[in-house]
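Here's the structure, in structure tokens; my notes come after.
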Amino acid sequence: MASKKNHSSWAKEKAQFNAQLGGFDALDDVFAREDSRHAHLAEERDSAQRYKACESKNRYATLAEAQENLAWCQKQGKRGLQIYECPYCGGWHLTSHPWEDAR
């Protein structure tokens, strides 16, 4: 049969453990740093996606302008381009990526 430690013994061990970690404030700091790291990584991913989907491409103010440029590209022999509305700038871009909802 296993012995059960009394409450004061358990509290003493818990206090020693917390002292080794620097207390709960240290754990809170670890979690805060991890949250900050995750937020920073998400910001970097969004920035990279924005550059890839929007900033590195020509922006067309209207769908008609994008369609006109698409027709010009097709005349030049470029095939497989599609038009999409940009979620970042609200303009229109051409892509060679096969979008499901491409126009």
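- Atom CG in L63 sits 10.0 Å away from atom CG in L70 (nearest 0.5 Å).
- Scanning both residues, C89 and R59, for their nearest heavy atoms gives SG-NE, 3.4 Å.
- Side chains of Y51 and K57: no donor on one and acceptor on the other come within 3.5 Å.
- Residues meeting the side-chain contact (heavy atoms from CB on, under 4.5 Å) test with E68, sequence neighbours left out: none.
- E44 meets the side-chain contact (heavy atoms from CB on, under 4.5 Å) test with H40, L41; sequence neighbours excluded.
- When the side chain to side chain donor-acceptor pair (under 3.5 Å) test is applied to R37, the partners found at least two apart in sequence or on another chain are E34.
- With sequence neighbours excluded, the residues that form a side-chain contact (heavy atoms from CB on, under 4.5 Å) with Y88 are D46, Q49, R50, A53, C54, C86.
- In summary, the aromatic rings of Y60 and H93 are positioned with their centroids too far apart to meet the 6.0 Å limit.
- Legend: residues meeting side-chain contact (heavy atoms from CB on, under 4.5 Å) with K78, ordered by chain and number and at least two apart, are C73, L81.
- Note that CG of N69 is 8.5 Å distant from CD1 of I83, once rounded to the nearest 0.5 Å.
- Between T62 and W92, the shortest heavy-atom distance links the atoms C-CD1, 3.4 Å.
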